[in-house]
Trainee: 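Dumping the structure here so I can ask a few things about it.
Throughout, protein chains are lettered first and strands after them, A, B, ... in sequence-line order, and every chain is numbered starting at 1. Since this is a predicted model, take the numbers as computed values, not measurements.
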Protein chains: 2
Amino acid sequence: MDKHDVDKIRAFNRFYTKVIGLLDKFLLDSKFTLPEVRVMYEIYHAKKISAKTITELLDMDKSYLSRVLLSFEKKGLIAKTSDHVDARVQLIALSATGAKEYEKLNKASDNQIADIMENLNDQEVNKLISHMQAIQNILSKISK
Amino acid sequence: MDKHDVDKIRAFNRFYTKVIGLLDKFLLDSKFTLPEVRVMYEIYHAKKISAKTITELLDMDKSYLSRVLLSFEKKGLIAKTSDHVDARVQLIALSATGAKEYEKLNKASDNQIADIMENLNDQEVNKLISHMQAIQNILSKISK
DNA sequence: TAATTATGGTTGACAAAGTCAACTAATTTA
DNA sequence: TAAATTAGTTGACTTTGTCAACCATAATTA
């Protein structure tokens, strides 16, 4: 792989770092921080999940996560039930309130994306998505 | 733009957030922090640049940048010269030491990318890059 | 099976990253 | 030329993230 290729990949990384930063910035107006939103996402989609699994999925420090979860508990957003098989493990789930909050956030985030993509026509959107999927396909070979 | 499209875009964003996180993590082993490296990048490529411009390019708080630059100055990595036209402006450039440090970092970063991409064959690399460029093309219409 | 080691999670103490507002000095604008 | 703006610095602060010690439970092994 030559230097030129590397440069192009790094250029894309810088470019996309900004894109993500732009999108994330908007979340800052919500009641939740970025890592909080990510944690909520994982809980919401797993329905029931251990703290350990979340740290693995998000590559997040367990002490940090513990505090995030504590704050969720105080706000009544999650419920913990202990695992029958392993008493060390606590299974976390969103409460009804938590799920509602998450869905609200999620919808706002969807709208933000849709708003931004307004500037593209259908063909461009289709192409964009297929390029994204192609990248995921190629790169998913690597992380294995 | 329908919900399905939005989902796919957001999935890619999550995916690529992890990719970038993985690549960035490696920089943490260097003498510099992530924002420091980004600032060095801008100074290196502009050769001479004002703090203002850096804040715009990186969307960075000016007070934060000011401290980063201070730390660079203490380490002898940059030199400031005042602008002849506007005495409020200080033009920042990397010192010889600073440029050398940056190049070292940059090379290490290049190697990291090259290492990772080892797992792909030439065709995959070419496709990856062309997908990346296509995305940049499409999305650059938006940020305008 | 008793002692040791490993694991999930919490806590305290801290470091890094980022923000906000007030300020100085220079520059523009009215 | 007085008022408003701008580039950059500083102080005080919050948020984000890390590290190590610790507790309780579980798994391993002697």
Side-chain angles (χ1 to χ4, degrees), chain A residues 17-18 20-22 24-43 46 48-75 78-93, chain B residues 17-18 20-22 24-43 46 48-75 78-93:
Chain A
T17 295
K18 276 186 199 161
I20 290 170
L22 218 71
D24 284 351
K25 183 152 271 188
F26 138 95
L27 280 175
L28 298 177
D29 293 335
S30 83
K31 286 187 242 173
F32 302 101
T33 67
L34 207 67
E36 282 173 345
V37 174
R38 288 208 260 259
V39 170
M40 280 179 97
Y41 172 88
E42 297 301 341
I43 304 174
K48 267 191 184 205
I49 192 170
S50 71
K52 181 78 204 308
T53 307
I54 299 176
T55 63
E56 284 164 0
L57 290 169
L58 298 180
D59 190 29
M60 182 182 263
D61 182 82
K62 62 183 178 172
S63 70
Y64 185 34
L65 176 63
S66 177
R67 282 167 241 260
V68 167
L69 292 177
L70 186 67
S71 91
F72 283 174
E73 235 178 334
K74 281 184 184 160
K75 291 176 190 156
I78 58 169
K80 290 179 177 173
T81 56
S82 54
D83 187 353
H84 295 302
V85 185
D86 185 339
R88 289 170 305 179
V89 177
Q90 298 184 341
L91 293 174
I92 302 149
Chain B
T17 295
K18 275 185 200 162
I20 290 170
L22 218 71
D24 285 350
K25 182 153 271 185
F26 137 95
L27 280 175
L28 298 178
D29 293 335
S30 83
K31 288 186 239 173
F32 303 100
T33 68
L34 207 67
E36 281 172 346
V37 174
R38 288 208 260 260
V39 171
M40 281 180 97
Y41 172 89
E42 298 300 342
I43 303 174
K48 267 189 184 211
I49 192 170
S50 72
K52 182 77 206 306
T53 308
I54 299 176
T55 64
E56 284 164 0
L57 289 169
L58 298 179
D59 191 28
M60 182 182 264
D61 181 82
K62 62 183 178 170
S63 70
Y64 186 34
L65 174 63
S66 176
R67 283 168 240 260
V68 167
L69 292 177
L70 186 66
S71 91
F72 283 174
E73 235 178 335
K74 282 184 184 160
K75 291 174 190 157
I78 57 170
K80 289 180 180 174
T81 55
S82 54
D83 187 352
H84 295 303
V85 184
D86 185 339
R88 289 170 307 181
V89 176
Q90 298 185 338
L91 293 173
I92 301 149

Trainee: Find the distance A/Lys74:NZ to C/dT10:P and express it as a whole number of Å.
Mentor: 12 Å
Trainee: Could you tell me whether the phosphate oxygens of D/dT9, OP1 or OP2, come under 4.0 Å of any side-chain nitrogen or oxygen in B/Lys80?
Mentor: yes
Trainee: When you look at A/Ile43 and A/Leu69, which way does the side-chain contact (heavy atoms from CB on, under 4.5 Å) test go after all the steps?
Mentor: CA-CA 11 Å; A/Ile43 304 174; A/Leu69 292 177; 4.1 Å; yes
Trainee: If I take atom CG from residue A/Leu91 and atom CD1 from residue A/Ile78, how far apart are they, to the nearest 0.5 angstrom?
Mentor: 11.5 Å
Trainee: List the steps and the verdict of side-chain contact (heavy atoms from CB on, under 4.5 Å) for A/Lys75 and A/Ser71.
Mentor: CA-CA 6 Å; A/Lys75 291 176 190 156; A/Ser71 91; 4.3 Å; yes
Trainee: For the CG atom of A/Leu57 and the CD atom of A/Glu42, what is their distance to the nearest 0.5 Å?
Mentor: 4.5 Å
Trainee: Distance from A/Ile92 atom CD1 to A/Glu73 atom CD, nearest 0.5 Å?
Mentor: 8.5 Å
Trainee: Could you check if a side-chain atom of A/Asp59 sits within less than 4.5 angstrom of a side-chain atom of B/Lys18, using non-hydrogen atoms only?
Mentor: no
Trainee: Under 3.5 Å, which protein N or O atoms sit close to an N or O of nucleotides 11-14 of chain C? Give each pair with its distance.
Mentor:
residue: C/dG12; atom: N7; partner: A/Arg67; partner atom: NH1; Å: 3.4
residue: C/dG12; atom: N7; partner: A/Arg67; partner atom: NH2; Å: 3.3
residue: C/dG12; atom: O6; partner: A/Arg67; partner atom: NH2; Å: 2.5

Trainee: Nearest whole angstrom, please: distance from the P of D/dT15 to the CZ of A/Phe32.
Mentor: 14 Å
Trainee: What is the distance, to the nearest angstrom, from the CG atom on A/Leu34 to the P atom on C/dG18?
Mentor: 12 Å
Trainee: Mind checking salt bridge (charged side-chain N to carboxylate O under 4.0 Å, His left out) for B/Asp83 and listing every partner two or more places apart, or none if nothing turns up?
Mentor: none
Trainee: Between the side chains of B/Lys52 and B/Glu56, is the shortest nitrogen-to-carboxylate-oxygen separation below 4.0 Å, so that they form an ion pair?
Mentor: yes
Trainee: OP1 or OP2 of D/dT16 sitting under 4.0 Å from any side-chain N/O of A/Thr33?
Mentor: yes
Trainee: Starting at atom CE of A/Met60, determine the distance to atom P of C/dG9, rounded to an integer number of angstrom.
Mentor: 14 Å
Trainee: Rounded to the nearest angstrom, tell me the gap between atom CD in B/Glu36 and atom C1' in C/dA17.
Mentor: 11 Å
Trainee: Can you check the B/Leu69 CG to D/dG8 P distance for me, whole Å?
Mentor: 9 Å
Trainee: Rounded off to whole Å, could you give me the CD-to-P distance for the A/Glu56 and C/dG8 pair?
Mentor: 8 Å
Trainee: If you compare all heavy atoms of B/Leu65 against all heavy atoms of B/Ala51, which two are closest, and at what distance to 0.1 Å?
Mentor: CD2-O, 3.2 Å
Trainee: In residues 81-91 of chain B, which residues come under 4.0 Å of DNA chain D by heavy atom?
Mentor: B/Arg88, B/Val89, B/Gln90
Trainee: Rounding to a whole Å, what distance do you find between A/Leu57:CG and C/dG8:C1'?
Mentor: 15 Å
